[in-house]
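First up is the structure itself, then whatever we jot down about it.
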Amino acid sequence: MLDKSFDPKTAEPRLYARWEASGAFSPTEDPSAEPFSVVIPPPNVTGSLHIGHALNNTLQDVLIRFERMRGKAALWLPGTDHAGIATQMVVERQLAAEGNLGRRDMGREAFLERVWAWKAESGGTITRQLRRLGASCDWSRERFTLDEGLSAAVRKVFVTLHKQGLLYRDKRLVNWDPHLQTAISDLEVEQREVDGHFWRFAYPLEDGSGEIVVATTRPETMLGDTAVAVNPKDERYAHLVGKQVRLPIVGRLIPIVADDYADPEKGSGAVKITPAHDFNDFQVGKRHGLEMINILDDFGCISDAAPDAYRGLDRFVARKKVVAEFEALELLRGIDPTRHVVPHGDRSGVVVEPYLTDQWFVDAATLAKPAIAAVEDGRTVLEPAAWSKTYFEWMRNIEPWCVSRQLWWGHRIPAWYGPDGTVFVEESEAEARAAAAAHYGTETPLRQDDDVLDTWFSSGLWPFSTLGWPEETADLKRFYPTHTLVTGFDIIFYWVARMMMLGMHFTGEVPFRRVFFNALVRDASGKKMSKSKGNVMDPLDLIDSYGADALRFTLTAMSGQGRDIKLSTQRIEGYRNFGTKLWNASRFCQVNGCVRVEGFDPASAKGAVNRWIIGETARTAAAVTEAIAGCSFDEAASLLYRFIWNTYCDWYVELSKPVLNGADLDAQAESRATAAWVLDVILKLLHPVMPFLTEELWDQTADLGAARTEPLLISARWPDLSALAPDPAAAAEVGLVIAAIAEGRSVRSELNVPLGARPPLLVVEADAAQSAVLAAYAPVIGQMLRVSEVRVEASAPTGAIPFVVQGATLALPVAEFIDLAAEKARLAKEIAGLAATADQTRRKLDNPDFVARAPEEVVEENRERLAEAEAARERLQAALARLS
RNA sequence: GGACGUGUAGCUCAGCGGUAGAGCACCUCGUUGACAUCGAGGGGGUCACAGGUUCGAUCCCUGUCACGUCCA
């Protein structure tokens with residue numbers, strides 16, 4: 001006997017262990033099985049599972065379990081990302097909190113040891129948590145972006161791109177994070193709108209003939225000014241072009257140049273030019289051959305290129321000092337408050353500086369072309385399709401990708417420098433030495449590049465590097481390209497685009513045929529959840545409280561495409577209850593001897609109720625299959641919910657009770673077999689979304705009735721019921737019974753007929769078929785509607801309460817229980833509703849255009865509706881008249 | 001400033017040309033041998049607004065307003 005309810009706490013770990021031990025997580029080795037592969041978006045190795053992961057991985061697991069059951073060689077390849085900046089920051093914070101030396105004082109080797117130790121300590125957390133969610137990943141294939149194989153792939157890609165001229169070293173302005181002391185990519189910069197000021201400075205002309213006023217939001221950068229620009233069309237300044245100004249504080253003579261960049265409408269129309277600290281000024285500087293003076297150091301302090309008094313000052317301290325000095329010099333011409341956007345590092349949160357350094361860049365524009373084409377021609381399909389536009393927009397305007405980071409945790413750049421700065425890019429130090437020896441003609445000491453690669457460089461290789469590339473492994477052959485990538489749209493540029501570019505370039509094929517962008521789970525105010533904002537939710541707590549299945553069902557049901565998800569525990573509770581409902585339906589089956597029957601053929605069932613539920617089951621199976629295959633996960637969840645609760649539990653089980661307790665043993669046997677058969681189908685259909693509860697029921701019903709071929713549900717075959725033809729006659733029959741019971745209950749309830757009252761149900765006006773059906777179902781109608789019998793009667797006795805169901809008039813003689821006013825009100829309400837329907841429909845049919853142009857079946861439908869409404873109204877009106 | 005998305009019952013959201021739906025919340029009734037993590041019934045909506053297309057618009061088109069996200 002089943003317990004009263006499912007106990008996730010004890011069942012989940014037990015079942016997960018059984019699955020894993022059974023080998024079900026690894027793809028079948030049957031060569032005839034169609035491959036279906038998914039690579040996990042690798043979570044940060046030292047991270048922990050947040051609700052976004054829970055959603056993302058639930059959907060992947062739904063897909064994988066579904067395809068596995070469909071007989072495919074389903075591979076879900078798990079792994080983790082070393083997450084360069086994020087992990088390094090965590091460890092540095094730990095060091096600081098413990099009062100230890102900072103990483104610079106520790107030195108590279110000691111620091112990395114410390115990071116690896118942290119990885120060893122916390123690296124298992126997230127994968128343990130994925131197991132608790134029920135993720136059926138193939139753990140035997142687990143990878144890590146810094147493992148040996150993936151590191152080799154990274155080096156191979158770096159060297160190859162370099163030799164192809166698609167990756168190069170360049171001195172350019174980059175976004176510099178002074179807190180982390182590293183370059184970051186454009187994507188890692190967050191533009192924040194903040195309050196600031198425009199300071200207007202007067203620069204005196206060298207010849208003493210006056211001054212020119214410039215405005216800036218960053219006064220300290222004037223220390224690096226090397227020109228003032230005015231628009232060539234600006235007549236106010238035409239006579240000044242070519243003259244020089246003496247830069248206050250610094251004393252440097254700088255030219256006034258004519259450049260379109262200066263906007264005559266803005267401020268004074270003249271702009272200061274700091275080529276080393278502003279992206280626009282950099283371009284102006286290049287056009288005019290201006291000197292580029294770097295006045296900052298790695299920490300965002302003023303460098304030795306500035307006057308003594310400023311050296312070593314923090315940039316914001318220097319800002320104040322510059323303003324004060326201009327004021328003292330009487331060269332400050334005004335301060336205007338302004339709201340402007342300032343770039344901030346998305347990790348550190350500090351203001352980033354445009355900074356002139358040597359970095360490695362990938363020629364993204366070239367790599368983007370085949371990646372764009374692959375989405376254009378549908379080799380990779382993005383869903384929801386709206387994201388294609390975002391993808392194209394970004395890819396068609398892509399800038400060189402700065403891939404070097406001044407960090408220590410990551411893939412060290414495989415570039416070695418000779419004493420004269422000549423660079424040797426090779427996959428190993430030995431090869432670099434050989435190349436250097438060939439270059440210099442003698443063994444020459446080399447120094448490896450200190451920098452590491454952007455984390456996204458290695459994750460960009462993920463779909464093929466994890467399968468063994470560059471080796472021609474069996475996995476690579478069988479599972480690449482992967483089938484579906486499930487990820488958040490927030491990393492469409494960081495990750496999806498890069499995988500497309502690198503995948504196309506290195507394998508000649510798309511990395512995945514389909515990308516499904518799942519919704520983003522946001523906090524109550526619609527903000528993206530992130531650790532730095534401190535607004536993350538813990539799915540582990542939710543699993544503890546409600547079970548993994550309830551959380552999974554909730555996330556699946558709420559995963560509507562392109563929607564943000566705001567999670568509520570109420571909703572999870574509701575789906576936990578749904579699981580309990582199914583559990584108890586199984587319990588009902590067990591109690592009533594509804595067990596599998598050897599050789600039961602649903603197509604040959606005779607009872608209408610059984611034929612009806614079998615048809616509904618087949619319809620649901622087909623719809624759920626289509627929904628999951630098409631990534632309409634919310635649709636699948638809602639189909640399952642409605643079918644299991646409303647159709648199977650509320651109606652089928654209830655309608656079957658009299659048969660199960662009845663004397664007709666053949667009918668009873670058929671109902672038992674049918675109930676058990678439907679339940680097995682339900683367990684299979686629900687398994688991808690609620691794997692634990694369904695597996696447990698599968699297990700606990702294993703010994704009941706005929707043996708199953710599959711001991712574990714995870715490995716069972718997905719139901720294909722397409723051969724079962726629906727039975728419209730059975731559906732109509734059961735539909736009438738359901739409607740009669742529902743309507744009758746409504747009447748009883750509205751008129752407050754006591755529950756104990758057991759009047760007969762009178763069939764007053766109905767066609768022969770309807771009368772026969774209602775009579776045949778008398779036992780169940782009696783039980784569900786609490787009536788003594790179903791009796792055909794030529795006319796309703798005085799005081800009987802009439803109601804109309806599918807054109808038939810039924811009546812409940814309950815006059816003694818009710819008060820006339822309540823019944824009059826009920827009838828009046830019914831009549832008004834029917835009159836409204838009739839009016840609306842008649843207006844439609846009176847419109848000749850409608851009759852002429854609308855499809856025949858729509859017109860017919862409306863005619864029927866009108867006739868039915870009219871007939872029902874007349875009967876109820878007559879009843880109302882009798883009461884008065 | 002551009003792009004995209006969203007405005008449907010008190011809340012969270014489905015529906016997206018042919019009689020407005022679900023869950024939760026709310027109200028009434030109910031421990032009848034699967035289930036109170038439950039059952040039965042009920043109230044509650046000019047489908048943001050304004051035009052247009054159509055026989056017919058919550059659904060398609062245009063505009064407006066509000067909110068959100070991304071990119072400048």
Side-chain angles (χ1 to χ4, degrees), chain A residues 1-2 4-6 186-187 189-191 341 384 386-390 392-394 397 489-490 492-493 519-520 522 525-528 546-547 550 554 557-592 594 632 634-635 637-638 641-642 645-646 649-650 653-654 657 660-661 675 741-756 783-786 833-834 836-838 840-841 843-855 857-859 861-862 864-866 868-869:
Chain A
M1 175 79 165
L2 288 172
K4 285 212 85 170
S5 64
F6 176 57
D186 297 342
L187 284 175
V189 176
E190 202 175 285
Q191 301 292 345
V341 290
W387 290 108
S388 302
K389 191 162 178 172
T390 308
F392 288 137
E393 194 68 19
W394 164 259
N397 298 296
F489 53 79
D490 53 324
I492 184 169
F493 306 139
L520 215 56
R522 295 177 187 273
S525 56
K527 294 239 162 38
K528 186 177 163 180
Y546 304 102
T554 307
M558 295 179 83
S559 70
Q561 303 192 347
R563 272 277 185 177
D564 294 344
I565 293 180
K566 289 168 211 150
L567 203 61
S568 81
T569 51
Q570 251 185 358
R571 194 85 185 249
I572 304 174
E573 207 177 304
Y575 290 127
R576 188 264 325 263
N577 297 354
F578 168 66
T580 305
K581 185 74 186 176
L582 174 59
W583 182 269
N584 279 292
S586 309
R587 206 156 167 265
F588 171 85
C589 285
Q590 190 181 1
V591 168
N592 287 276
C594 301
S632 299
D634 54 336
E635 173 72 10
S638 113
Y641 187 94
R642 288 199 309 265
W645 200 317
N646 303 129
C649 293
D650 287 351
V653 166
E654 294 303 327
K657 277 179 181 173
L660 294 171
N661 298 321
I741 293 169
E743 264 309 304
R745 279 171 169 173
S746 177
V747 168
R748 287 186 70 125
S749 174
E750 270 181 76
L751 298 178
N752 295 318
V753 176
L755 282 163
Q783 193 165 325
M784 294 181 76
L785 188 51
R786 308 178 68 75
L834 289 165
T837 305
Q840 194 188 351
T841 314
R843 267 202 303 278
K844 234 183 213 186
L845 289 164
D846 283 350
N847 180 348
D849 280 334
F850 172 71
V851 179
R853 298 190 187 222
E857 67 262 27
V858 173
V859 178
E861 198 182 300
N862 276 272
E864 279 168 21
R865 189 185 311 151
L866 176 59
E868 214 168 279

Please pick, from B:C29, B:G39, B:U12, the nucleotide with the shortest atom-to-atom distance to any side-chain atom of A:Asp650. B:G39

Take the protein atom CE of A:Met784 and the nucleotide atom P of B:A40, then report the distance between them rounded to whole Å. 8 Å

Give me the distances for all protein-to-nucleotides 17-19 of chain B N/O pairs that come in under 3.5 Å?
from	atom 1	to	atom 2	distance (Å)
B:U19	OP2	A:Arg865	NH2	3.1

Name the nucleic acid region contacted by A:Cys649, choosing base, sugar-phosphate or nothing; use a 4.0 angstrom heavy-atom cut-off, strictly under. base

Is there side-chain contact between A:Leu582 and A:Phe6, with at least one heavy-atom pair below 4.5 Å? no

Determine whether A:Val591 and A:Met1 make a side-chain contact, defined as any pair of heavy atoms from C-beta on separated by less than 4.5 Å. yes

Let me know the distance between CD of A:Glu654 and P of B:C38, rounded to the nearest Å. 15 Å

Between C1' on B:C38 and CZ on A:Arg576, what's the gap in Å once rounded to a whole number? 12 Å

Which atom of A:Thr837 lies closest to which atom of A:Thr841, heavy atoms considered: O-OG1, 2.6 Å

Provide the distance between the two P atoms, one in B:G45 and one in B:U8, to the nearest whole Å. 15 Å

Would you say that A:Met784 contacts A:Arg745 through its side chain, given a criterion of any heavy-atom pair below 4.5 Å between the two side chains? yes

I want to know whether A:Tyr546 and A:Tyr575 have ring centres closer than 6.0 Å. no

Go ahead and write out RNA chain B as dot-bracket, 5' to 3': ( ) for pairs within the strand, [ ] for ones crossing earlier pairs, | when the partner sits on another strand, dots for unpaired; Watson-Crick or G-U wobble, both distances under 3.5 Å. ((((((((.[[[[.)..(..]]]].(((((.......))))).....[[[[[..)....]]]]]))))))).

For the residue pair A:Lys581 and A:Tyr641, establish whether any side-chain heavy-atom pair is separated by less than 4.5 Å. no

Between A:Ser749 and B:U28, is there a contact of a side-chain N or O with OP1 or OP2 at under 4.0 Å? no

Write down the distance between CG (A:Leu755) and P (B:G30), rounded to a whole number of angstrom. 7 Å

Tell me yes or no: between the side chains of A:Arg576 and A:Thr580, is some donor less than 3.5 Å from an acceptor? no

I want to confirm an ordering. Mapping A:Ser5 and A:Ala585 to their closest nucleotides on RNA chain B, which one lands closer to the 5' end? A:Ala585

Grab the CZ-P distance between A:Arg786 and B:G41 for me, whole Å please. 14 Å

So does A:Lys389 get a side-chain nitrogen or oxygen closer than 4.0 Å to the phosphate oxygens (OP1/OP2) of B:C4? yes

Between CD of A:Gln570 and P of B:C13 the distance, given in whole Å, is 13 Å

Between CG of A:Asn646 and P of B:G23 the distance, given in whole Å, is 7 Å

Roughly how many Å is it from CZ in A:Arg745 to P in B:C29, rounded to a whole number? 18 Å

Nearest-angstrom distance, P atom, B:C24 to B:U37: 14 Å

For A:Leu834 and A:Ala869, the nearest pair of non-hydrogen atoms, with its separation, is O-CB, 3.9 Å

Residue met sooner reading RNA chain B from 5', once A:Glu573 and A:Ile741 are mapped to nucleotides: A:Glu573

Of all the heavy-atom pairs spanning A:Pro848 and A:Asp846, show the shortest one and how long it is. CD-O, 3.1 Å

Closest to the A:Met558 side chain: B:U12, B:A25, B:A34? B:U12

When the C1' atoms of B:G52 and B:A22 are considered, how many whole Å apart are they? 33 Å

Can A:Arg865 and A:Glu861 be counted as an ion pair, charged N to O under 4.0 angstrom? yes

Which whole number of Å gives the distance between the P atom of B:C65 and that of B:G10? 26 Å

Reckon A:Asn577 has a side-chain N or O less than 4.0 Å from the OP1 or OP2 of B:C38? yes

Whether A:Trp645 contacts B:G39 is assessed here as follows: a side-chain N or O lying under 4.0 Å from the phosphate OP1 or OP2. Is that the case? yes

For atom C1', what is the distance between B:C11 and B:C70, given to the nearest Å? 28 Å

Under 4.0 Å between any heavy atoms, over every strand shown, what does A:Ser746 touch: base, sugar-phosphate, or nothing? Just pick one. sugar-phosphate

Return the minimal non-hydrogen interatomic distance between A:Ile741 and A:Leu785, and the atom names on each side. O-CD1, 3.7 Å

Of the listed nucleotides B:A36, B:G42, B:A34, the one nearest the side chain of A:Lys4: B:A36

Using the P atom on both, measure B:G63 against B:C55 and round to a whole Å. 24 Å

Give me the distance, rounded to whole Å, that separates B:A9 from B:G23 when you measure between the P atoms they each carry. 16 Å

From the list B:G41, B:C71, B:C35, which nucleotide is the closest neighbour of the side chain of A:Phe493? B:C71

For A:Trp645 and A:Phe578, take the angle between the two ring planes, folded into 0 to 90°, and tell me which bin it lands in: parallel under 30, tilted 30 to 60, perpendicular over 60. parallel

Work out how far the C1' atom of B:A25 is from that of B:C59, and round it to whole angstrom. 28 Å

From B:U37, B:C4, B:A34, pick the nucleotide closest to the side chain of A:Thr580? B:U37

